[in-house]
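Encoded as structure tokens, the structure appears first; notes follow it.
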Amino acid sequence: MTYVLDAVRYIVEPQNWAGPDGIGLRLAQHALYVAISVAVAAVVAVPLGVLIGHTGRGRTLVVAVTGAARALPTFGLLLFVVLLSGLHLAPVIAVLVILAVPPILAATYAGVGAVDHAAVDGARATGFSEWQIARQVEIPLALPLIVGGVRSATLQTIATATIAGYVAQGALGRYLIEGLARHEYATAVVGALLVGGLALVADAGLAVVQAVAAPSGGRLAPGTPLPEGT
């Protein structure tokens with residue numbers, strides 16, 4: 001309990017937020033790494049998920065691949081990528097992208113695949129092309145689940161981005177690493193509290209976005225299947 005109180009006192013002191021090692025910069029680094037990783041993962045996963053959900057092809061293979069990706073040991077993967085590419089930020093971003101793709105991809109193809117066939121058939125009967133059906137019918141109806149996948153990926157990435165500290169890229173993981181290495185456990189608790197706080201803020205913001213995206217007054221349609229991890 002003493003460690004927690006000391007950590008809270010450290011966080012609320014304004015002077016601890018300034019400077020190159022201050023909370024402000026490390027928090028900004030952590031948020032930036034997460035934003036870049038989730039954005040890149042979304043660029044990869046959303047179009048692929050829409051294609052799979054729309055055509056129904058490749059789903060079994062993608063389920064197997066995404067399941068295997070979720071089982072990858074994060075730190076082991078980071079070490080492997082560092083050995084291949086060197087000690088800098090790129091390996092961290094690559095690992096975070098790899099971990100962020102599965103939940104977004106699963107949510108996207110599940111959401112598109114769950115769209116009412118009557119709506120799709122109706123659009124097709126009125127002359128919509130397959131691209132127009134995907135863009136104007138399936139994606140809007142699947143948007144709450146897609147945002148749910150982004151939400152899940154963001155939370156996972158915020159927790160995992162602490163590994164940036166292992167390759168000297170700052171972020172909030174430095175508090176955890178430095179605190180444990182020096183046996184200054186209050187410092188480690190500072191990192192844990194800040195990562196948890198960032199996750200709560202991000203989750204609250206994305207929950208609002210997900211509710212706004214839902215077509216039925218902020219609620220998902222009854223019976224809509226939720227993919228694993230969302």
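Because only heavy atoms are used, hydrogens play no part in the values below, and waters and symmetry mates are left out as well, while side chains stay in.
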Legend entry - Residues that Y185 engages under side-chain hydrogen bond (donor to acceptor under 3.5 Å, both in side chains), provided they are two or more places apart: H183

Inset, instruction - Kindly write out the residues that satisfy side-chain hydrogen bond (donor to acceptor under 3.5 Å, both in side chains) with D203, not counting sequence neighbours, or none if the list is empty. - result: R151

Legend entry - side chain to side chain contact (heavy atoms under 4.5 Å, CB included) partner of Y175, the single match among V189, T162, T187: T187

Inset, instruction - Using atom types as modelled and distance alone, determine if a side-chain donor or acceptor of Q132 lies under 3.5 Å from a backbone N or O of S129. - result: yes

Legend entry - Apart from L155 itself, residues in the same hydrophobic cluster as defined by side-chain heavy atoms under 4.5 Å: none

Legend entry - Pairwise side-chain contact, T108 with L145, heavy-atom cut-off 4.5 Å (strictly under): no

Legend entry - Residue list, side-chain contact (heavy atoms from CB on, under 4.5 Å) with Q15, at least two apart or on another chain: E13

Legend entry - Side-chain touch T126/F128, heavy atoms, less than 4.5 angstrom: yes

Anything under 3.5 Å between a donor and an acceptor, one on a side chain of residues 89-99, the other on a protein residue two or more places apart or in another chain? List them.
none

Legend entry - Test side-chain contact (heavy atoms from CB on, under 4.5 Å) applied to L143 - qualifying residues, sequence neighbours left out: V147, A213

Legend entry - Sidechain-backbone polar pair: S152 side chain, G148 backbone, donor-acceptor under 3.5 Å: no

Inset, instruction - Can you run down the salt bridge (charged side-chain N to carboxylate O under 4.0 Å, His left out) pairs that involve residues 179-201, sequence neighbours left out, and say none if there aren't any? - result: none

Legend entry - Contacts of L27 that satisfy side-chain contact (heavy atoms from CB on, under 4.5 Å) - sequence neighbours left out: W17, L172, L198

Inset, instruction - Keeping the roles fixed (side chain from N16, backbone from Y10), state whether a donor-acceptor pair exists under 3.5 Å. - result: yes

Inset, instruction - Return each pair, listed once, that meets side chain to side chain donor-acceptor pair (under 3.5 Å) where at least one residue sits in residues 135-149; pairs must be two or more places apart or across chains. - result: H54-E138

Inset, instruction - Enumerate the residue pairs fulfilling side chain to side chain donor-acceptor pair (under 3.5 Å) with a member in residues 39-49, sequence neighbours excluded, ordered by first and then second residue. - result: none

Inset, instruction - Could you tell me which residues satisfy side-chain contact (heavy atoms from CB on, under 4.5 Å) with V43, sequence neighbours excluded, listed by chain and number? - result: none

Legend entry - Rounded distance (nearest 0.5 Å) linking atom CG of L61 with atom CD1 of I52: 8.0 Å

Legend entry - Pairs meeting criterion salt bridge (charged side-chain N to carboxylate O under 4.0 Å, His left out) with involvement of residues 20-37, two or more places apart: D21-R26, R26-E178

Inset, instruction - Output the distance between atom OG1 (T157) and atom CD1 (I36), rounded to the nearest 0.5 Å. - result: 12.0 Å

